[in-house]
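All values below come from the heavy atoms of this structure, side chains included, with hydrogens, waters and symmetry mates left out. Protein chains get the first letters and strands the later ones, always in sequence-line order, with residue 1 at the start of each.
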Amino acid sequence: MVIDDNLENPNPYRIVLDELGHLFKNIIKSLCRGNEIIFKIDETSNERYGDLTCNIAFLLTKILKKSPPQIATKLVNDHIIPYMKSKKDSFIISAEAHQSGYINFRIDYNKLFGLIINKTLFSEEYKYQDIGNNEFIIIEHTSVNPNKAIHIGHLRNIILGDSLYRIFKNTNHDVKVLNYIDDSGVQVADIVVAFLYAGFPETPSDPETKYDHYCGDVYVKVTNMMEQDKLLLEKRKIVIREIENGDSKIAVYSSDLVKKILKEQLKTCAEMRSRYDLLNIESDMIKSKLWEKSFQILKDKNIIYFAKEGKNVNCWVIKTADEEDEKVIVRSDGTVTYFAKDIPYALWKLQIIDDPFDYEEYEKQWDGSKIWMTTIDKNKQLKNHNEKKFFEKKPAKVITIIDSRQARLQNLIISIIKKIKPDENNYYYLGYEAVTLSPLTSKILGFEPEKNIVHMSGRKGLFVNADILIDQLKTKLVQEIEKRNQNQTMQLDEINKIAQGIAISTIRYSLIKQDLDKIIVFDINEATNLDGDTSLYLQYAYARAHRILEKSDVIDDELIRLAKLYSEKRIPIYSSDIEVIFQNDRGFPLDTLNFRIEEINLIKDLAKFDQIIEQTLETLNPKVLARYANTIATKFNLFYENVPVLKETDQNLRNERLFLVKSFIIILNNVFDLIGIVPLSKI
RNA sequence: GGGCCCAUAGUUCAGUUUGGAUAGAAUGGCUGCCUGCGGAGCAGUUGGUCGAGGGUUCAAAUCCCUCUGGGCCCGCCA
């Protein structure tokens, strides 16, 4: 093999970039002692400029007192050509001083392909990079009020969080996913009032109705009634107090009700292939006295103060993050505000205060792992009690995912943490913009749109229910699949499985491909459209690739045996025999290479997989991976359309292309796994 | 009034973190390609004063300032 034996798990693209980076660092060292030059090695903007480009000539104009093209030519002639002549195992095959001043390079695709094959085909599974070194990561997402059904706005949160979980998990991080269950807020109290005092039947008239859907409807109706009926509002106050104060009949009733709804919400999450480790029950947090401990810390450190006058008289308040205003933490009646409850939760996540919880098994979930829930009742004989505490070590990152309306409060949390522990910077707030409804969709839901942007509202009943959306998409897909399989013998359950796989993938992909700080305008027609930049496009490319391998009649073991021969014998011959090419102003010839342009483009993008993962972790934005999936699927479709594999008569070429197809499948499958798209070898 | 975010093709968006060569997709409209490895695909064509103005720079969609339009936040609600 041409690659360094020490590099057990090389990142193909990085190797090439590092080689060039090293080369230019040495050139700078010899040319301008003492001067720090920060150059860039980028992809070229256009194929005819080669693959990679360096802007160094622009940066040296003042030091060398020459024009960029003159410098570029000098560097190529005096430094780069001698370097390449001496270095036979270079990943660069040609260099050019362009008249614009750029120095351009072409990559040795044979070697690059060798690295990809090595990485994809020769280990049991593709080895992800060990970026995390088993660091402990906590991600909180979902956290939907347990009184209603999950809608597409919640789904953006869920999919974002779950994708991040998958990415951290697969890069060797020890990740735990939290879901905060606010069982003691007004929203839950509303439906308790509905059933206990407003005469709503506890069970839906149609027993088929999903219980969270039913409660969501009741919630809309009862909040409407409350606007007229002051008595119900009084009842709600009582209910809230009862729930907060412990074990009264109403508290138990509420707790049971929450569990029933939560169970249904988690079914939706599971259907979307989102998974959790722990449910943080808010009432347990209240019972745990975590707040009292946090309150004491805040007082001890003089972070909060008691207002003796002004608009917040007799309240405990805190200065806002900009120190301009104050925010109430404890009301004048001694009760704690909504915001205040986030403080002990954050301190607990960061392990700044001791863990007061016990943990009880909630259920086994779809991926085989267990969901736990907090509990505080020490007298109860706990079912499957977890002896170990939830935390075994301090988290390296605590990521809280909430929509951007919470940005101000989350930044306040961060500033409070900084005041308690100045060197603590592991708390990350990940915000994202809302999902809104298109005017047309709003109209379909029976709400006349007032503006072009319609915000969803659970309380008004103005939202797109996630379960219903999944069903709609699934139904449409079943029809489409049946249309395409009239002569075939696909079983109904197979069709259903495929439809399900495409439906949830379509939703997941549509919710993460867009930037976090852009509003997603949901339109029902667009959401059920399966053309263009959708997950189906990716899944279709994946299925096509599978079909080629299947029809090749080369079994996996044989493919790997052939690939080993290829990488051992063929690559060294190619790479050492190719003469180093230099060009000036005339572009790069490709006819000396054995690859077609569509193959080269696919190889180049497949090589970037590890870089893409790094970038995703840096930005905490799975969008990067979604875009990448689309890029490689597009490159594959071009390859598929233009380069024959099975019909290729040259056995070596045919095999080489089979390796490429297999590598594509493995890398796309990895990307699918990271963003939760279901890989289907047949559609 | 103060703070945060957005503005790029008819429409939905990449590209902005880290300035660089002719600003890219998808979708819509029009036109081709199924005896070919799956046409849920591919190719072609149409379509842009990168919201406006100023500044920095050899070079600005990208950095800075001002303005305009849109969204969100600013409660002893949650």
Side-chain angles (χ1 to χ4, degrees), chain A residues 38 40 42 44-46 48-49 53 55 58 61-62 67-68 98-102 104 145 182 184-190 240 307 311-317 320-322 324-325 327-339 341 403-409 411 431-434 436 438 451-453 455 477 480-481 483-484 502 510 513-521 523 526 529-534 536-537 539-541 543-552 615 618-619 623 627 630-631 633-634 637-648 657 661 682-683:
Chain A
I38 299 168
K40 268 172 62 176
D42 278 323
T44 57
S45 60
N46 190 301
R48 70 186 161 162
Y49 300 131
T53 187
N55 65 343
F58 295 95
T61 47
K62 278 179 187 150
S67 73
H98 191 263
Q99 56 189 354
S100 61
Y102 287 104
N104 298 331
N145 271 308
D182 181 1
S184 51
V186 172
Q187 295 206 15
V188 166
D190 282 335
I240 291 172
K311 59 174 180 171
N312 297 324
V313 63
N314 293 332
C315 297
W316 284 92
V317 296
T320 50
D322 56 11
E324 291 286 305
D325 207 353
K327 174 97 194 139
V328 173
I329 298 290
V330 180
R331 301 183 190 101
S332 53
D333 67 359
T335 56
V336 175
T337 58
Y338 158 82
F339 166 71
K341 291 175 189 167
D403 72 74
S404 60
R405 284 173 302 181
Q406 298 280 345
R408 185 185 283 260
L409 292 179
N411 287 330
Y432 59 92
E433 272 293 343
T436 65
S438 72
K451 288 188 278 189
N452 271 342
I453 288 178
H455 285 274
L477 279 157
E480 294 289 326
I481 295 166
K483 215 190 285 174
R484 288 169 170 79
I502 298 171
S510 72
K513 69 172 182 173
Q514 200 146 322
D515 201 77
L516 294 180
D517 47 25
K518 271 190 172 131
I519 292 173
I520 294 180
V521 180
D523 183 86
E526 224 172 275
N529 177 26
L530 296 161
D531 293 331
D533 186 15
T534 64
L536 181 57
Y537 180 82
Q539 290 168 302
Y540 188 66
R544 274 177 150 180
H546 265 279
R547 203 62 55 242
I548 293 178
L549 288 191
E550 191 183 287
K551 292 198 172 170
S552 74
Q615 205 187 326
E618 251 172 57
T619 55
K623 167 188 87 167
R627 296 275 163 215
N630 179 268
T631 302
T634 302
N637 273 335
L638 292 176
F639 163 79
Y640 181 91
E641 207 67 36
N642 295 292
V643 185
V645 178
L646 301 180
K647 293 195 169 50
E648 176 57 55
R657 286 168 190 166
V661 172
K682 192 175 165 188
I683 289 176

A:Arg408 (side chain) and B:C73 (base): donor-acceptor pair under 3.5 Å: yes
Using the P atom as the reference point in each nucleotide, state the distance between B:U62 and B:C50 in Å, no decimals. 10 Å
Tell whether A:Arg544 reaches the base of B:G38 with its side chain through a donor-acceptor pair below 3.5 angstrom. no
In whole angstroms, how far is the P atom of B:C72 from the CG atom of A:Leu516? 19 Å
For nucleotides 46-48 of chain B, give me every protein contact, N/O to N/O, under 3.5 Å, one pair per line with atom names.
none

Which value, in whole Å, describes the distance between the C1' atoms of nucleotides B:G53 and B:U46? 32 Å
If you only use heavy atoms from C-beta on, which nucleotide in B:A21, B:C42, B:A40 is closest to the side chain of A:Asp531? B:A40
Quick one: does A:Asp325's side chain have a donor or acceptor within less than 3.5 Å of a partner on A:Thr320's backbone? no
Pair assignment for RNA chain B - dot-bracket with | for other-strand partners, Watson-Crick or G-U under 3.5 Å: (((((((..((((......[...))))((((((.......))))))....(((((..]....))))))))))))....
A:Asp523 side-chain N/O to A:Glu526 backbone N/O, donor-acceptor pair under 3.5 Å: yes
Grab the N/O contacts between the protein and nucleotides 6-13 of chain B below 3.5 Å, and write none if there aren't any.
from  : atom 1 : to       : atom 2 : distance (Å)
B:C6  : OP1    : A:Asp517 : OD2    : 3.3
B:A7  : OP1    : A:Lys518 : NZ     : 3.0
B:C13 : OP1    : A:Gln514 : NE2    : 2.8
B:C13 : OP1    : A:Ile519 : O      : 3.4
B:C13 : O2'    : A:Arg627 : NH2    : 3.2

Is a side-chain donor-acceptor pair under 3.5 Å present for A:Thr53 with A:Asp42? no
Record whether the side chain of A:Thr53 comes under 3.5 Å of the base of B:A21 through a donor-acceptor pair of N or O atoms. yes
Between the base of B:A21 and the side chain of A:Asn55, is there any donor-acceptor pair under 3.5 Å? no
In whole Å, I'd like the distance from the CG atom of A:Asn642 to the C1' atom of B:C42. 8 Å
Out of B:A21, B:C37, B:C76, which nucleotide sits closest to the side chain of A:Asn312? B:C76
Kindly indicate whether the side chain of A:Ser332 and the base of B:C76 share any N or O donor-acceptor pair separated by less than 3.5 Å? yes
Could you work out which one of B:C72, B:C37, B:A40 sits closest to the side chain of A:Glu480? B:A40
With the six-membered base ring of B:A40 as reference, does the ring of A:Tyr537 sit under 5.5 Å away with planes under 30° apart? no
